[in-house]
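Notes for the one structure printed next.
Remember, predicted model here, so these are calculated numbers, not experimental data.
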Amino acid sequence: MAENAEYAPDFDISRPTIARVYDALLGGKDNFAADREGAAAYLKYVPDSGKVAKENRAALSKGVRFMAEQGIDQFLDIGAGIPTMENTHQVAQAVNPDAKVVYVDNDPIVLAHGRALLAANKSTTVVTADLRFPQDILDHPEIKEMLDFTRPIGLMVVGLHMHFHDDEQPDEWVRTLLDACPSGSYLFITDFVDTGEPLQKGMEQAGLESLGNGWIRTPERITEHFLGLPLVRPGLDFLARWFPSEPDRELTAAEDLEPWQRILMAGIGYKA
Ligand code: SAM
């Protein structure tokens, strides 16, 4: 199939998509009027939404760097988003130039931009696939060619897992993927959190208004997304004070963080 044919049928710029809204919030150029309207809804409820998005990207880098430092050299990044600054492959390959990265996203615009960016990078690829169909991800020929599922994998569900999916299913989708990863693998998640703060509720409201999804969840519920895996230090925490590579770092008290810094949490589970 021609590359364009692969994504053209779903390519509708009249409705916002989270990939493009997120790009707009990050200050990117790969978005359209409907997406900028979506971003405006986020900014209305959470004026620091751009900072929230950037902090999520920073957390992504922290998590990838940690996994790469632990020797992980294969990454399966689900819901990768439109390439922006400090992408997974750049962080991983800075630690280990041979690290392999597969980007998966169900928004075809990610494939369009990813293919262009990665044309010369033999260790990184991008495919259009959907977390809701995990077996299709595992059976995808490009993924099977790039990743060796007999060796540990860094499985990433960063910034999309629960909050864009409204039911109990996400855990089962991730379980299918995790079951395919051998011991020594990691599961890295960031998610919108609900600890009872109005700004967190505002983030949810913005998502529901602009995209029809984007639910917040309690820390207890987010912990369940790790499917029983023990979490590496410091456990599940607000992004701004989450430093898996520096587990002994003194943490800022949660109440001293800005309210916008208490919107997402991150954690990494280890499959022993
Ligand atoms: N992971 C990146 C990050 O944290 O910076 C991008 C996060 S962006 C907010 C969420 C991405 O997940 C979007 O690109 C969206 O298209 C993708 N996404 C949402 N639901 C998905 C699904 N069911 N399967 C695959 N990708 C999905």
Side-chain angles (χ1 to χ4, degrees), residues 59-81 87-93 95-106 110 114 118 121-165 168-191 221-233 235-236 242 244-245 265-272:
L60 182 139
S61 295
K62 288 188 271 186
V64 172
R65 191 167 301 116
F66 168 80
M67 292 188 283
E69 286 165 357
Q70 304 311 304
I72 294 291
D73 62 358
Q74 316 187 83
F75 295 83
L76 181 55
D77 184 352
I78 315 278
N87 298 290
T88 298
H89 73 284
Q90 286 147 336
V91 178
Q93 289 166 5
V95 178
N96 177 352
D98 296 326
K100 296 194 166 154
V101 176
V102 174
Y103 292 116
V104 173
D105 204 287
N106 67 351
V110 173
L118 299 169
N121 190 322
K122 297 270 174 290
S123 303
T124 310
T125 194
V126 51
V127 303
T128 299
D130 199 304
L131 175 65
R132 290 169 293 183
F133 304 101
Q135 197 56 49
D136 290 356
I137 294 177
L138 296 171
D139 292 341
H140 196 289
E142 273 184 65
I143 297 179
K144 281 165 73 173
E145 197 183 316
M146 186 67 83
L147 301 182
D148 173 0
F149 281 87
T150 67
R151 295 195 308 105
I153 305 258
L155 177 60
M156 301 169 54
V157 195
V158 174
L160 94 153
H161 180 211
M162 192 60 176
H163 53 249
F164 299 125
H165 303 96
E168 296 306 307
Q169 291 295 318
D171 293 334
E172 292 318 308
W173 305 327
V174 175
R175 190 185 304 280
T176 301
L177 296 174
L178 190 65
D179 283 351
C181 298
S183 91
S185 297
Y186 290 91
L187 172 60
F188 174 21
I189 293 173
T190 73
D191 256 327
R221 181 68 188 100
I222 296 174
T223 301
E224 287 173 11
H225 299 336
F226 291 93
L227 306 169
L229 297 183
L231 298 189
V232 305
R233 287 170 69 195
L236 182 71
W242 183 75
S245 293
M265 283 189 165
I268 293 183
Y270 178 66
K271 184 168 176 178

Quick check: closest heavy atoms across [X] and [Y], and the distance to 0.1 Å?
X: Gly184; Y: Pro152; result: O-CB, 3.3 Å
X: Leu131; Y: Val174; result: CD1-CG2, 4.3 Å
X: Ile153; Y: Cys181; result: CB-SG, 3.9 Å

Does Thr124 form a side-chain contact (heavy atoms from CB on, under 4.5 Å) with Met146? I'd like the steps, not just the answer. CA-CA 8 Å; Thr124 310; Met146 186 67 83; 5.6 Å; no
Contact between [X] and [Y] at the side-chain level, heavy atoms closer than 4.5 Å - yes or no?
X: Leu178; Y: Arg175; result: no
X: Leu231; Y: Phe226; result: yes
X: Leu138; Y: Lys144; result: no
X: Val126; Y: Val102; result: no

Measure from the side-chain N and O atoms of [X] to the backbone N and O of [Y], and report whether any donor-acceptor pair falls under 3.5 Å.
X: Trp173; Y: Asp130; value: no
X: Lys62; Y: Trp242; value: yes
X: Lys271; Y: Leu187; value: no

With sequence neighbours excluded, tell me which residues meet side chain to side chain contact (heavy atoms under 4.5 Å, CB included) with Asp105.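 With sequence neighbours excluded, Asp105 shows a side chain to side chain contact (heavy atoms under 4.5 Å, CB included) to Asp107, Val110, given in chain and number order.
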Value rounded to 0.5 Å, distance of [atom1] in [X] from [atom2] in [Y]:
X: Asn96; Y: Asp73; atom1: CG; atom2: CG; answer: 5.5 Å
X: Met67; Y: Ser245; atom1: CE; atom2: OG; answer: 10.0 Å
X: Phe66; Y: Ser61; atom1: CZ; atom2: OG; answer: 15.0 Å
X: Leu147; Y: Glu142; atom1: CG; atom2: CD; answer: 11.0 Å
X: Phe188; Y: Thr88; atom1: CZ; atom2: OG1; answer: 8.0 Å

Answer yes or no: are there more than 12 heavy-atom neighbours, outside Glu69 itself, under 6.0 Å from its atom CD?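 Check passes, neighbour count above 12.
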Give the intermediate values and the outcome of side-chain contact (heavy atoms from CB on, under 4.5 Å) for residues Met156 and Phe75. CA-CA 7 Å; Met156 301 169 54; Phe75 295 83; 4.1 Å; yes
Quick test of your reading of the model: are Arg221 and Asp191 salt-bridged, counting only N-O distances below 4.0 Å?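 No salt bridge links Arg221 with Asp191.
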Just checking, is any N or O donor in the side chain of [X] or [Y] under 3.5 Å from an acceptor N or O on the other one?
X: Gln135; Y: Thr176; result: no
X: Asp98; Y: Gln93; result: no
X: Ser185; Y: Gln74; result: no

Sole residue of Ile189, Thr223, Thr190, Ile268 in side-chain contact (heavy atoms from CB on, under 4.5 Å) with Leu236: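 Of the listed residues Ile189, Thr223, Thr190, Ile268, the side-chain contact (heavy atoms from CB on, under 4.5 Å) partner of Leu236 is Thr223.
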State which residue, out of Val104, Asp136, Ile137, fulfils the side-chain contact (heavy atoms from CB on, under 4.5 Å) condition with Val127.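 Single side-chain contact (heavy atoms from CB on, under 4.5 Å) partner of Val127 among Val104, Asp136, Ile137: Val104.
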Can you check side-chain contact (heavy atoms from CB on, under 4.5 Å) on Thr125 and Leu118, steps first, answer last? CA-CA 7 Å; Thr125 194; Leu118 299 169; 5.8 Å; no
Which of parallel (below 30°), tilted (30 to 60°) and perpendicular (above 60°) describes His89 and Tyr103?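 Correct class here is perpendicular.
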side-chain contact (heavy atoms from CB on, under 4.5 Å) between Phe149 and Leu76, worked out: CA-CA 11 Å; Phe149 281 87; Leu76 181 55; 4.3 Å; yes
